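This report refers to the structure that appears directly beneath it.
Each chain gets a letter, A, B and so on, in the order the sequences are listed, and its residues count up from 1. These figures come from a predicted structure and were not determined experimentally.
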There are 2 protein chains.
Amino acid sequence: MGRAREFDEEKVLDAAMQLFWEKGYEATSLSDLTSRMGIQKPSIYAAFGDKKELFEAALRKYMMSRASHVRTKLQKNPSVKDAFRAFFEGVIAEEYTENRSRGCFCINTMVELAPHDEKFEILTREHQMYLSVIFQETIERGIQSGELEFGVNAKALSQALIVSLIGLTVIMKSRPERSFVDNTLEVTLTLLK
Amino acid sequence: MGRAREFDEEKVLDAAMQLFWEKGYEATSLSDLTSRMGIQKPSIYAAFGDKKELFEAALRKYMMSRASHVRTKLQKNPSVKDAFRAFFEGVIAEEYTENRSRGCFCINTMVELAPHDEKFEILTREHQMYLSVIFQETIERGIQSGELEFGVNAKALSQALIVSLIGLTVIMKSRPERSFVDNTLEVTLTLLK
DNA sequence: CATTATTTGTACCGAACGGTAAAATAAATA
DNA sequence: TATTTATTTTACCGTTCGGTACAAATAATG
């Protein structure tokens with residue numbers, strides 16, 4: 001019964017995600033969204049609610065796919081040290097390949113919205129904690145395999161690596177010389193020694 | 001000749017700085033600014049130009065005072081390790097003391113504007129590079145005094161510390177448990193051996 | 001085929017946006 | 001004191017904002 005929806009909900013949500021990711025919440029207008037999503041405002045409201053709810057849906061979608069990507073990448077390599085190196089190098093390469101860096105949607109939101117909106121404070125914090133657990137599991141795998149020393153504090157170390165990842169992601173938005181991030185990565189990876 | 005200005009340019013610029021620092025560029029309206037600065041829009045335009053120019057002036061003022069504060073803090077302590085620890089702990093305490101964290105105005109701008117405005121890409125990058133030189137000089141002082149090993153790569157290490165500082169500042173916006181940042185700090189400081 | 005239920009496009013809402021013209025005000029100069 | 005020059009206040013500009021009422025369009029149901 002009733003007219004069938006003409007758009008793919010996942011497709012248009014993905015378009016909204018890209019836009020919010022690039023421009024942030026405030027700087028993205030509904031008119032920007034209708035162009036990019038290819039549907040009109042009433043369709044957006046019917047499917048996702050108001051602008052903030054659409055933003056939240058887009059952010060959740062990002063976080064899901066991001067966490068899964070991180071887990072996959074870290075599990076791919078039998079060596080934990082190599083896995084972290086490859087992961088960080090991948091993040092760096094991505095930013096330096098694209099003409100303009102998008103960084104991380106979650107980090108952008110942590111800066112723009114978390115201090116003024118408790119919902120996003122919680123949402124972004126939980127995502128970072130989740131990533132840090134993925135890091136921790138990887139480190140524990142390295143301890144188990146004997147690649148890392150038995151005495152390593154997996155939790156603290158994983159948290160420090162998350163913080164470095166955030167710092168790297170953020171400073172790359174200012175396009176520092178490549179040597180800056182390369183130096184940083186080398187020093188940071190010595191924490192796994 | 002002519003009517004004298006009734007407001008203190010430094011005072012009202014400082015008020016604008018606080019506001020932009022808290023809310024960012026897009027989310028701060030001219031109406032917000034007139035309330036906080038205590039002057040009307042034409043006075044703002046006469047003294048500072050348009051919204052972006054006012055923002056830039058506010059950011060420059062912030063960066064100056066920030067760099068000077070960092071230099072002072074690091075120079076105060078004869079021990080380089082203690083100096084870095086005290087500095088990082090100060091940054092952390094500041095965020096956890098205030099009800100809502102403002103973070104760092106420069107970092108906020110790096111996230112919000114640097115990817116879409118080359119002027120702010122350069123401005124924020126140069127500030128971070130300047131801070132990293134201050135870090136580097138401090139580390140070199142530690143090498144000279146014998147507190148740090150002679151073989152330490154002062155430049156790379158200072159860059160890694162800057163990245164950790166950025167990461168810490170950003171993640172605190174999501175109000176993680178105190179143990180998270182404490183762990184991170186302990187691990188990060190091991191880089192100074 | 002007529003009815004019903006839903007989505008679509010259009011057109012519009014009041015409010016807020018960044019920015020400015022112009023008159024009123026006040027200080028310094030002549 | 002009259003004039004000049006700059007600043008302040010007020011009122012307003014056109015545009016865009018997020019959001020919605022409404023009617024045309026379209027699909028499934030009876």
Residues 35-50 of chain B, side-chain donor-acceptor partners within the protein, below 3.5 Å, at least two apart:
from   : atom 1 : to     : atom 2 : distance (Å)
S35(B) : OG     : S31(B) : O      : 2.8
R36(B) : NH2    : E22(B) : OE1    : 3.3
R36(B) : NH2    : E22(B) : OE2    : 2.7
D50(B) : OD1    : K52(B) : N      : 3.2
D50(B) : OD1    : E53(B) : N      : 3.0

Problem - G167(B) versus I166(A), closest heavy-atom pair with distance - result: CA-CG2, 3.9 Å
Can you list the residues that meet the side chain to side chain donor-acceptor pair (under 3.5 Å) rule with [X], with sequence neighbours excluded?
X: K81(B); answer: none
X: E121(A); answer: R125(A)
X: E126(B); answer: none
X: K73(B); answer: none

Problem - Minimum side-chain heavy-atom gap T184(A)-T188(A) below 4.5 Å - result: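 Yes. Closest side-chain heavy atoms under 4.5 Å.
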Handout entry: Note, E186(A) side chain near N183(A) side chain (heavy atom, < 4.5 Å)
Key = no
Exercise for the section: Could you identify which residues of residues 25-46 of chain A place a heavy atom less than 4.0 Å from some atom of DNA chain C, listed by residue number, or say none? Expected result: Q40(A), P42(A), S43(A)
Problem - Selection: residues 12-20 of chain A, any non-hydrogen atom under 4.0 Å of DNA chain C - result: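 Going residue by residue through residues 12-20 of chain A, none turns out to have a heavy atom under 4.0 Å of DNA chain C.
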Handout entry: Which nucleotide in dT6(C), dA6(D), dG19(D) has an atom nearest any side-chain atom of R3(A)
Key = dT6(C)
Practice task
Output yes when E137(B) and R141(B) qualify as a salt bridge under the 4.0 Å nitrogen-oxygen rule, no when they do not.
Solution key: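 Here E137(B) does not pair with R141(B) in a salt bridge, since their nearest N and O are not under 4.0 Å apart.
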Exercise for the section: Would you mind checking if K23(A) and E26(A) are paired as a salt bridge, meaning a charged N to carboxylate O distance below 4.0 Å? Expected result: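 Salt bridge: no.
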Problem - End axis versus end axis in the helix from dC1(C)-dG30(D) to dA30(C)-dT1(D), the angle rounded to 10°, five pairs used at each terminus - result: 10°
Take atom [atom1] of [X] and atom [atom2] of [N], then tell me their distance rounded to the nearest Å.
X: K51(A); N: dA16(C); atom1: NZ; atom2: C1'; value: 13 Å
X: E53(A); N: dG19(D); atom1: CD; atom2: P; value: 9 Å
X: D50(A); N: dT20(D); atom1: CG; atom2: P; value: 8 Å

Handout entry: Pairs where residues 142-158 of chain A contributes a residue and the test side-chain hydrogen bond (donor to acceptor under 3.5 Å, both in side chains) is met, not counting sequence neighbours
Key = S79(A)-E147(A)
Please tabulate, for the side chains in residues 169-181 of chain A, all donor-acceptor contacts under 3.5 angstrom to protein atoms that are two or more places apart in sequence or on a different chain.
from    : atom 1 : to      : atom 2 : distance (Å)
T169(A) : OG1    : L165(A) : O      : 2.7
K173(A) : NZ     : R102(A) : O      : 3.1
K173(A) : NZ     : N108(A) : OD1    : 3.4
S174(A) : OG     : I171(A) : O      : 2.9
R175(A) : NH2    : E95(A)  : O      : 2.8
R178(A) : NE     : D182(A) : OD1    : 3.2

Below 3.5 Å is the cut-off: list the nitrogen or oxygen pairs between protein and nucleotides 28-30 of chain C, distance only.
from    : atom 1 : to    : atom 2 : distance (Å)
dA28(C) : O3'    : M1(B) : N      : 3.3

Handout entry: ring pair (Phe, Tyr, Trp, His ring centres under 6.0 Å) partners of residues 112-146 of chain B, not counting sequence neighbours, each pair once
Key =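 Those involving residues 112-146 of chain B are F55(B)-F120(B), F84(B)-F135(B), F87(B)-F135(B).
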